[in-house]
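Here is the naming used below: chain letters follow the sequence lines, and residue numbers restart at 1 for every chain. What you are looking at is a predicted structure, and each value in this text was computed from that prediction instead of being measured. Quick note: numbers below take in every heavy atom, side chains included, and nothing from hydrogens, waters or symmetry partners.
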Amino acid sequence: MESNVLLETRNIIKDFPGVRALDKVSFCLNEGEVLGLVGENGAGKSTLMKIFSGAYPAGSYQGEIYLKGNRCAFKSPKDSQSAGIAIIYQELNLIPKMSAAENIFLGREPVIGKTGLIKEEELFRQTQDLLDTLDISVSADEMIENLSIGKQQMVEIAKAVSCRAKILILDEPTSALTEQEIRSLFKMIKSLGARGVSMIYISHKLDEIFEITNRVSVLRDGRTVGGKETSRMSRQELVALMVGRNIEDMYPKEKVSIGKTALEVKDFFVDHPFLTGEKVVRNVNFQVRSGEVLGIYGLMGSGRSELLNAIFGSFSADSSGEVYLEGKHVRINSPHQAIEEGIGLVTEDRKLFGLVLGMEVGENISLSCLEDISWYQVINKQKEDELIERYTRSLKIKTAGSKAIVNNLSGGNQQKVVIAKWLATNPRVLLLDEPTRGVDVAAKVEIYQLMNKLAKEGVAIVMVSSDLPEVLSMSDRLLIMHEGQAIKELDKEEATQEKVMFYATGGKE
Amino acid sequence: MSSGKKIFQSELIKKYGNLIGLITLIILTAFLTKGTFITPRNLINVLRQTSVNGILAVGMTLVILIGGIDLSVGSVVALTGIFAALFQPLGTVPAIVLTVLIGAVIGGWNGFFVTKFKIPPFIITLGMMTIARGLALVFSGGQAISGLNEKFILISESYISPTVFFSVLAFLTLIAAICFLRKMKNGQFKEGFKISPISAINAFFMLAALTLISWLVIFRGLPMGAAIFFVIAMIGIYVLRRMRFGRYVYAVGGNEEAARLSGINVKLIKFLVFTIMGVLAAVAGIVLTARLNSGVPTSGVMFELDAIASVVIGGTSLSGGHGSIGGSIIGAFIIGTLNNGMQLLNIDSFYQEIVKGAIIIGAVLLDRKK
């Protein structure tokens, strides 16, 4: 057995400020196999792949990597590529305005001597031969932007093959593919396997894992928690390995009396932002009552953030369906309208969407409610200062003062500033998208306590979270999304980590 | 303690770097010109020469704050100047109103293309630069249009008398005092009245500038063009610091996506900023036309670059979200001092361009170092 191990890691440790992303990961890939790699969002899969790809260079982590028994250190993506590792990312890395041939041979074009002049004919001939042997029906001179996502992916795979990749890593390869394209991808995986290419297949879709992989390995909280031959693994067993995290005593969920329906969403559909005809949210129905916390759990690509943004009027693609606020039918086309109707959205990724990082703490807090504290256009400074003071104090935002630049605050305090901004608009419905991501434990607990307080005041809360224990503990009810659909609703009492993960990975009763 | 002092020092350089630069430049020019530069007559000249660029720099500050750029302002100055001259028979006030309206339409046109069709400001205003220049030549037949109303010329050629100037000053001081007293009554200074070192330095420089201007005013009066520039700059400062629109300008420039998600109508803000730029270009066109005593289709060449240079030297970030009109005013006076000083020294205009370019690059380099 020892002889056919191709890639092996021993005790890989990778730290980020405040978090340990990988904690002594030991992992191996055998020659010629398709290994499934599964785990929750944030389990460490991407981090591990970035170590293999050289994106995190040797030295930025501890532990050892062995390729065919030889220790190696990838200092750059180039090192990893020349060692025969290729990664197909979710977002494809092709240049849209170039042909398939130019993309495949980018940086390795056949040239005349040392002149740098490209032998065009040879380039296209070599590419066409390659595409034909791999049975990919793409013409070498076709422009990438004219190809479907599935075809583009095939071009990426052809590129990997032409680079003589021995190990191919596929990161959520089917997330943007149609059923038919998935079929041809699987055919391709099998034929590459026959050519002796070993593959790591990362996916949240367990059906695919069971169909295509020989062996499966599970990551949880930065650790390898188990793995064996796929054929000897049951779905329940796999789900149990993926979750099974301890629910610590840090969720101070309080019972509050639940009132009338505050928000109701009916027959909600959201278009895919760039694939015409495709939907990212399909026929979602739900309601939240005042004082209630509705948790929405879904893995990457389940459409949970898209759903929240579409309700808030901030999603880039069209949506259809009806939204009722306290029984009244409302039409929301912009965040401004949503705010006027009493909806707030604490967005995912505070640095990109939540804060104006170069502005002061106070200016960020008052940004969404300036209309309430202005006389026509003129901001009432005194009212603004009072408002800022009130929220800084009640949310315990640690800052050098309201004039401090928000970029200089810690992650937890930045998140509190985002929440303060939304509380200042006095929302009746508060949508929270990953409210505690990248936040330290103490600040997390404070955010939970704040959720309790808001619920007591009668605010209806919808929380999207990838953190299973969090979403289980803090919600009164749980909606589970998979591939754009709300496939299951569970009460707090009946929800367990295993059950939730079972449905979130596409399991059916 | 010493590190605190160091932070304070670097804060000082950051905040007052361009002001220190201006003062150094003034002293240097005064020496090189053997005092000619700081005679009241010449300083009044500097004020007059700076006012057109200063008005443009105020608008350009807004445009650059939202992460945009407007290359068309020089041509728009020429075009609106031609219109101001052509509208003379209608009377001075209608001519001014119509010209300003045309400026608003041109600016709005730029803003419309930027927001509706998502065309980069650089491209659309580059196009407008050529279009406006062409239109200026078409409407004027390539000739300067003279024969302006006597009253119209006063826009540039008259002076605000010391009496009026000091009355206005006294009135403003009175208002400030009333505001201060009301704040005190509301108990805002319960914990004692504290002056931060920064606001003390600010107050000092403001007072120094005011003293200098008062001296010039006693000598001759305040040139009308400069008065228009100062009023526009003060309104601009107030809008950016105290009004919602100003706050939204910073937010849109700082993080457009976060601004949109905070309920700000990003497109409207951008559209308005370009429209305001158009209006200010028209005002500059009117002042310039009055000063030249004719509408000149080839005037205003490279004015956009002087305005951009003033804004950049003034410390406004070209990527948007950070900066102030106060900085741009200082930038405008640096450019004005350079132009005037080199003229006094009889430096060949070819070399003037080289020196100006070098100073712009130097200012940005210094800004990077912070």
### Summary
Those residues at least two apart in sequence (or on a different chain) that pass salt bridge (Lys or Arg N to Asp or Glu O under 4.0 Å) with A:E322 are none

### Query
Most heavy-atom pairs under 4.5 angstrom with chain A, which of B:G254, B:A251, B:G321?
B:A251

#### Entry: Over 12 foreign heavy atoms within 6.0 Å of NE2, B:H322
no

### Message
I need the contact set between residues 336-352 of chain A and chain B: heavy-atom distance under 4.5 Å, sorted by residue number.
### Response
A:H336, A:I339, A:T347, A:K351, A:L352

### Task
Could you grab the distance from atom CZ of A:F353 to atom CG of B:N255, nearest 0.5 Å is fine?
8.5 Å

### Residues of residues 366-379 of chain A near chain B, each having a heavy atom less than 4.5 Å away
A:S366, A:L367, A:S368, A:L370, A:E371, A:S374, A:Y376, A:Q377, A:V378, A:I379

### Query
Which residues in residues 403-423 of chain A have any heavy atom lying under 4.5 Å from a heavy atom of chain B?
A:K421, A:W422

### Task
Evaluate whether atom NZ of A:K381 has more than 12 neighbouring non-hydrogen atoms of other residues, nucleotides or ligands under 6.0 angstrom away.
yes

### Task
Find the distance between OG (A:S334) and CG (B:L261) and round it off to the nearest 0.5 Å.
11.0 Å

### Query
Got a second to check how far B:R247's CZ is from A:E363's CD, nearest 0.5 Å?
4.5 Å

### Query
Where on A:N309 is there a heavy atom nearer than 4.5 Å to chain B: the side chain, the backbone, both, or neither?
side chain

### Query
What's the spacing between B:E257 CD and A:L355 CG if we round to 0.5 Å?
13.5 Å

#### Entry: B:F122 CZ: over 12 foreign heavy atoms closer than 6.0 Å
no

